[in-house]
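As structure tokens, the structure follows; a few thoughts come after it.
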Amino acid sequence: MEYNFRKIEKHWQEKWKAENAYTVSNHSEKPKCYVLDMFPYPSGAGLHVGHPLGYIASDIYARFKRLKGFNVLHPMGYDSFGLPAEQYALETGQHPATTTQNNITTFRSQLENIGFSFDWSREVRTSDPSYYRWTQWIFLQIFNSWYDHEKNKARPISELIEAFEKEGNGFLKDHVAGDIFSAEDWEIFDEKQQQDILMQYRLAYTAYGEVNWCAALGTVLANDEVINGVSERGGHPVEKKQMRQWYMRITAYAERLLQGLDTVSFSDAMKEMQKNWIGKSEGAEIVFPLSTRGEGLGVRVYTTRPDTIFGVDFMVLAPEHDLVSKITTAEQQHAINEYLQYVKSRSERERLAEVKQITGAFTGAHAINPFDGRLIPIWISEYVLAGYGTGAIMAVPCGDQRDFAFAKHFNIPITNIIGEHFNGEEANPTTEAYLSNSGFLDGMLMRDAISVATAKLEQEGLGKRKINYKMRDAGFSRQRYWGEPFPIIYKEGIPYPVDEKDLPVELPHVDSYSPGPEGQGPLANITEWVLIPGPSSLVERETNTMPGYAGSSWYFLRYMDPHNDQTFADKKATDYWNQVDVYVGGTEHAVGHLLYSRMWTKVLFDLGYISFDEPFKKLVNQGMIQGSSRFVYRLSMSKPFFDDYDFLRENGIQIFVSNNLKEKHSLAGFFETIRMNFPQLDYSFFDMEIVSQRFLKLYVNVNLVDGVELDINAFRKSKPEYSNAHFILEDGSVNSPLSTRGERQGARYICGVETEKMSKSKLNTINPDELVLKYGADTFRMYEMFLGPVEQSKPWDTKGIEGVHRFLRKLWRLYYDEVKGQVWNDYKPTNDELKILHRTIKKIEEDTEHFSYNTAVSAFMVCV
RNA sequence: ACCCGGGUGGUGGAACUGGUAGACACGCAGGACUUAAAAUCCUGUUUGCAGCAAUGCAAGUGUGGGUUCAACUCCCAUCCCGGGUACCA
């Protein structure tokens, strides 16, 4: 009997299914263990070999824990709302619900093929109304909450309204948003004023924010859809536009998100990424009065280095700063307008990345240094962002490199406050220098001067101590179709929550996925859905939808009680399963999903719906399995280069050149081959310099490539337009469908290679199905684990799978002989044998607890 | 540009706390079995030099410096690759 993996795996998979072997109960005497994977987005490309890496690791862990006597929750589901489905719908007209369903069917069968021990009875889909009903419900809880900084928790907005009625908003002290009002004031405010004020406290709120607006497409674009400032589709210009948006007030949780990290087991790198994202800094907010225009106005800046205040030589406002229009002098108006126009076309990334290129404009206005009365010119520049701090900085060129470069570029004189620590060549951001030219701070060590300066500022009422966070509130609306509708209706322009008993607000069916007027989402086109017949006034629905991370911010709770139609999850269930014990997923979610889901958990905890405020006790980051992309190089047929050579174009002849021949130095052979194959052409037109840049790099499906060598015939068959393509091979000979002349034995077409994310568009995905079919799920699983540490990113390579498969066959033969059948016996093992066995068991157990599966597999191989 | 990872034979990787670099596997080469092939088994395999050989000598963990009796491991600098950078998921 040989190792018939197909029969074995089929047998067991059917048995598991028939017996619901992995269905888990919420009631058990055993200790619980919750092993969770980041659920996949069901993309049209299907599952690729990168997905299962984490799933296999967690599945091994889940099985291990079951064997160790735990009641293990190990579920799977789909993050099924998202942009790609909608783009696909735009291109093909197929409804996202249909394509998503198809994709899920594919994913499910692929997952089952690999033999996971998921409890499929708990499957969730974020796009299912019975699921997003509760996403909407949780959104309403967040909308109906405010953050009490005194008690340090979220509370129902009704309690805030009561407080306003009783004593106004003065009791909020440092956290007053906007103006202070009394109970009497509150009484007098009309409905709109009251709602506007409440909006400034709600944890989910509307405000104006910037979007990528593409006028030509009439739509708002995701950052991903903008390439080098133009739209990916069509290459139209993109600019920024202010639009009303929904936000999550995640900044209210900044401190708790930071402190919560101490209570969970994430890698240090992960914690550091989250810490840096939150970006806590301690410093001071200082108001610099303006010298002339705008009495009473001042420039409020945030700085972590108030000790350097005597070194301020200029100030910089973000171009979007409110003051810019108010303080700009008539002489400077033109320059400022021009600069603002330029900034409008720049993405935030570009603004921060291209620091070598210094840009800015002078407003003509000056501020006054509150300590020495010096006049300070006020500039605007794109390196200051409106969203961070106060959107304005005090520039100290001798201590900050960007300020220094700016001063040099615009010839602004530099004041030296650190003596010999400043060499005039570059800024020195030290805190260890003694201050000079610094008034009352003279002679003080900078490190000590920070608190002295802050104290003085507070004492004189010029500023105050301030903790600042770099993190911004999270944009929560998308002008798209395929997402959760907001449970929000507008009456006279004021947003109100939909009654909970009317949930879910179902996503209506549309026939067109094109954007609505003014960049609104496609839902705006469905007037009969948007307009709700009301008693008197205009009542309409919110037409934005929620972003991709809405559904994924709480799905781990739904798995605990997936069929409950009374609540998102029964408290008994969430109490029992509690925190996720091990969460497996990639680092690409480090600052998105992992922060949002932590925030939602904290809100639900504050409101008393669950009894833990960190969702994930332990996080294991599986490395990304990258695709190894292959490229072919096609001679460009575009004008003007090939203008004279209609022959090639008319005949649809494509010429591909092997990787190492695309460089200039080897083009001589290339001309020769062109001439040989197309004697009717005059080839003297070729200009070497130009030709070298005239190869288009095209993705070729990795499955048509063996290592780096292209399977030319398979490639020709893959697309009709390639059927009569010519290939200039590595040795300069030609593989041509017209003639085989010049083709030599062993000449190959070599592809270019690059490592990048696995994706459909890059044609570098490897489908696990084929590997499972050929080698079996056990080989596939074991191989993925053997590839290297789970945490490490690595390009996929199928080469080594044979070795693992051979090992499993060898293992099988220890028990079954092809001829004799069963060959095991019950001889008593020797002490030495037992020693090896137990040593191996110990090693594998320890490695399994630590997710070091690659070394566990090695140990197993050595033992056998 | 910034934040977080990573770089070790022909290849994936191992080396746990600073102590024999290259476990295990792939690939490759040679051999056994076979009419043949596949499968299987055995042997060799970091590089260079010397030797019939056992073996010996030297170099070697991206690059350049440093600390140490001892460095893949610690420190400084630098290059390259991957992930993220707030509307891809």
G-U wobble or Watson-Crick pairing nucleotide for [N] (cut-off 3.5 Å, both distances):
N: B:G48; answer: B:C57
N: B:C16; answer: none
N: B:C74; answer: B:G66
N: B:C2; answer: B:G84
N: B:A38; answer: none
N: B:A89; answer: none
N: B:A29; answer: B:U43

Which value, in whole Å, describes the distance between the [atom1] atoms of nucleotides [N] and [M]?
N: B:C16; M: B:U55; atom1: P; result: 27 Å
N: B:G22; M: B:U34; atom1: P; result: 38 Å
N: B:C69; M: B:G31; atom1: C1'; result: 46 Å
N: B:G44; M: B:C81; atom1: C1'; result: 34 Å
N: B:A59; M: B:C72; atom1: C1'; result: 16 Å
N: B:U45; M: B:A36; atom1: P; result: 29 Å
N: B:A29; M: B:G84; atom1: C1'; result: 45 Å
N: B:U61; M: B:A71; atom1: C1'; result: 11 Å

May I ask you to verify if any side-chain N or O of [X] is less than 4.0 angstrom from the OP1 or OP2 atom of [N]?
X: A:R472; N: B:A86; result: no
X: A:R813; N: B:A39; result: no
X: A:R478; N: B:A89; result: no
X: A:Q792; N: B:G13; result: yes
X: A:N223; N: B:C88; result: no
X: A:R809; N: B:U40; result: yes

Of the nucleotides [options], which one has an atom closest to the side chain of [X]?
X: A:T855; options: B:A15, B:C88, B:G83; value: B:A15
X: A:V591; options: B:C88, B:C3, B:G84; value: B:G84
X: A:V220; options: B:C87, B:A86, B:C24; value: B:C87
X: A:L787; options: B:G12, B:C26, B:U85; value: B:G12
X: A:S858; options: B:A89, B:C24, B:C87; value: B:C24

Rounded to whole angstrom units, what separation is found between the [atom1] atom of [X] and the [atom2] atom of [N]?
X: A:N276; N: B:C4; atom1: CG; atom2: P; result: 5 Å
X: A:M782; N: B:G12; atom1: CE; atom2: P; result: 20 Å
X: A:M273; N: B:C2; atom1: CE; atom2: C1'; result: 14 Å
X: A:H593; N: B:A86; atom1: NE2; atom2: C1'; result: 16 Å
X: A:M471; N: B:U85; atom1: CE; atom2: P; result: 16 Å
X: A:F860; N: B:A14; atom1: CZ; atom2: P; result: 20 Å
X: A:E802; N: B:A38; atom1: CD; atom2: P; result: 13 Å
X: A:E849; N: B:C16; atom1: CD; atom2: C1'; result: 17 Å

Base, sugar-phosphate, or nothing: which does [X] touch, judged by heavy atoms less than 4.0 Å apart?
X: A:P547; result: nothing
X: A:N854; result: sugar-phosphate
X: A:A269; result: sugar-phosphate
X: A:S43; result: nothing
X: A:K271; result: nothing
X: A:Q245; result: base
X: A:V211; result: base
X: A:E588; result: base
X: A:P789; result: sugar-phosphate

* A:Y3 ring centre to A:R813 NZ or CZ under 6.0 Å, with the angle to the axis within 45°? -> no
* Asked: Can a donor-acceptor pair be found between the side chains of A:T587 and A:N621 at a distance below 3.5 Å?
  -> no
* So, A:T779 and A:H805: side-chain donor and acceptor under 3.5 Å apart, yes or no? -> yes
* For A:F807, which of A:Y775, A:F860, A:Y783 qualifies under ring pair (Phe, Tyr, Trp, His ring centres under 6.0 Å)? -> A:F860
* Structure fact -> Only residue of A:Y555, A:Y132, A:Y549 satisfying ring pair (Phe, Tyr, Trp, His ring centres under 6.0 Å) with A:F81 is A:Y132
* Determine, stepwise, if the pair A:E784 / A:Y853 fulfils side-chain hydrogen bond (donor to acceptor under 3.5 Å, both in side chains). => CA-CA 9 Å; A:E784 285 233 3; A:Y853 297 131; over 6 Å; no
* **Pair A:E382 + A:R346: basic N to acidic O under 4.0 Å** => yes
* Between the base of B:C87 and the side chain of A:Q479, is there any donor-acceptor pair under 3.5 Å? -> yes
* Hey, mind stepping through A:W246 and A:Y205 against ring-ring contact (aromatic ring centres under 6.0 Å, His included) and telling me if it holds? -> CA-CA 5 Å; A:W246 283 92; A:Y205 64 96; 8.4 Å; no
* **A:L257 side chain reached by A:W277 side chain, heavy atoms, under 4.5 Å** => no
* To do: Identify whether the glycosidic angle of B:G9 places it syn (within 90° of 0) or anti.
  => syn
* Structure fact -> Contacts of A:M270 and A:F39 projected onto RNA chain B by closest heavy atom; the upstream (5') one is A:M270
